[in-house]
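FYI, the numbering just counts along the sequence from 1. Counting starts at 1 for both ligands and their atoms, following the listed order.
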Amino acid sequence: MDTINNLKSELGGKIANADSMDDLEQIRISALGKKGQITALMKNLSALDPEKRKAAGKELNILKQVISSLLDSKKNDLENISLESRLAEENIDITLPIRPEEIGTIHPISQTTDELISIFGEMGFVVAEGPSIEEDWYNFTALNIPVDHPARQEHDTFYINAKKDDQRMVLRTHTSPVQIRTMQSQKPPIRIIVPGRTYRCDHDATHSPMFHQIEGLVIDKTTHMGHLKGCLIEACRTFFGMDELPVRFRPSYFPFTEPSAEVDIGCSFKGGTLKIGEGQDWLEVLGSGMVNPNVLENCGIDSNEYQGFAFGMGIERMAMLKYGIPDLRTFYESDLRWLKHYGFQPLDIPSLVGRAGL
Ligand code: DAH
């Protein structure tokens, strides 16, 4: 009994004084390990006579339990202490200011594209797309521009060596081929808007070899010139944010429309500065017309049953006019100062400035 009591107070004292997990583990091994003191006493039990063995066995088991639970609770204490000290060391200084992060801006081409898509989106147009590398047939022939047609020369086309079914391929000179692709793959009624890259071999302050257009196409049974006019007047006024913007339709020629009209907006060039919406001058902003019946037939649409209108405009040109950007080449120079000046905040909602109902 004495041995057990002595061992109990000796081990209890050691456990209480242990100041690390390693210490504690050593104590556990010295008491309960294979060669530990309690283990040794357990082994000795067999040498005792049955009466004593029973009583001593009971005491030893109690001792074992007491020591185990002292070890456990000390282990717990040591873990808490180490957690506390780590928390104290690793505290975060929330008073430090955050590192400034550079936020980019939306390029005026993307912004203008989004604005135009949302204006036509409100009118029920959906976005369609097509490839940059296009078959000659889609870019020209199906649009009623046959092989020897003078309009082909006006397009300053980039021809590329690759051929498909012996047809030469081109970098599309306009977004109009997507009209053909859509009319082949969808049944009317059709109401699409086609933003995308276009390519022409031309380079100066108002032309770039790669530029962007937005094409529109509406095909239905009763769509007429009045719809074309209403839709484009509304779109121009919304885009420039002027309810009273004068809009004029001037007779023109495009092989894929008949009749065709160019759309001009009212402006003034007085004193060498352009002011949109005032004055006596006119500025061309887009091409349009009623879809030529030949184009419908080329796409397998019965031109006696269906008709519609189409239009196309240059996105750079619209952006230059709305945001006063003088040189088209600067769009592609990636000059950070220019991008910061003309760029838009990422979370800006496309501005449909001041138009009722939008
Ligand atoms: N594709 C013409 C161009 O690039 C623009 C155009 C004019 C598109 C009239 C049309 C349209 O859809 O009806 O110059």
Does His174 have its ring centroid less than 6.0 Å away from the ring centroid of Phe256? yes

Asn139 side chain to Thr173 side chain, donor-acceptor N/O pair below 3.5 angstrom: yes

Are Arg317 and Leu283 packed together at the side-chain level, in the sense that at least one heavy-atom pair is separated by less than 4.5 angstrom? yes

For residues Phe311 and Phe120, establish whether the separation of their ring centroids is below 6.0 Å. yes

Ring centers of Phe344, Tyr323 separated by less than 6.0 Å: yes

On a heavy-atom basis, the closest approach of Ala18 and Ile27 is CB-CD1, 3.9 Å

Could you list, one pair per line, each nitrogen or oxygen of ligand 1 together with any protein nitrogen or oxygen closer than 3.5 Å, giving atom names and the distance rounded to 0.1 Å?
from	atom 1	to	atom 2	distance (Å)
ligand 1	1 (N)	His174	ND1	2.9
ligand 1	1 (N)	Ser176	OG	3.0
ligand 1	4 (O)	Arg200	NH2	2.9
ligand 1	4 (O)	Gln213	NE2	3.0
ligand 1	12 (O)	Gln179	NE2	3.1
ligand 1	12 (O)	Glu215	OE2	2.6
ligand 1	12 (O)	Phe311	N	3.4
ligand 1	12 (O)	Phe311	O	3.3
ligand 1	13 (O)	Ala310	O	3.2

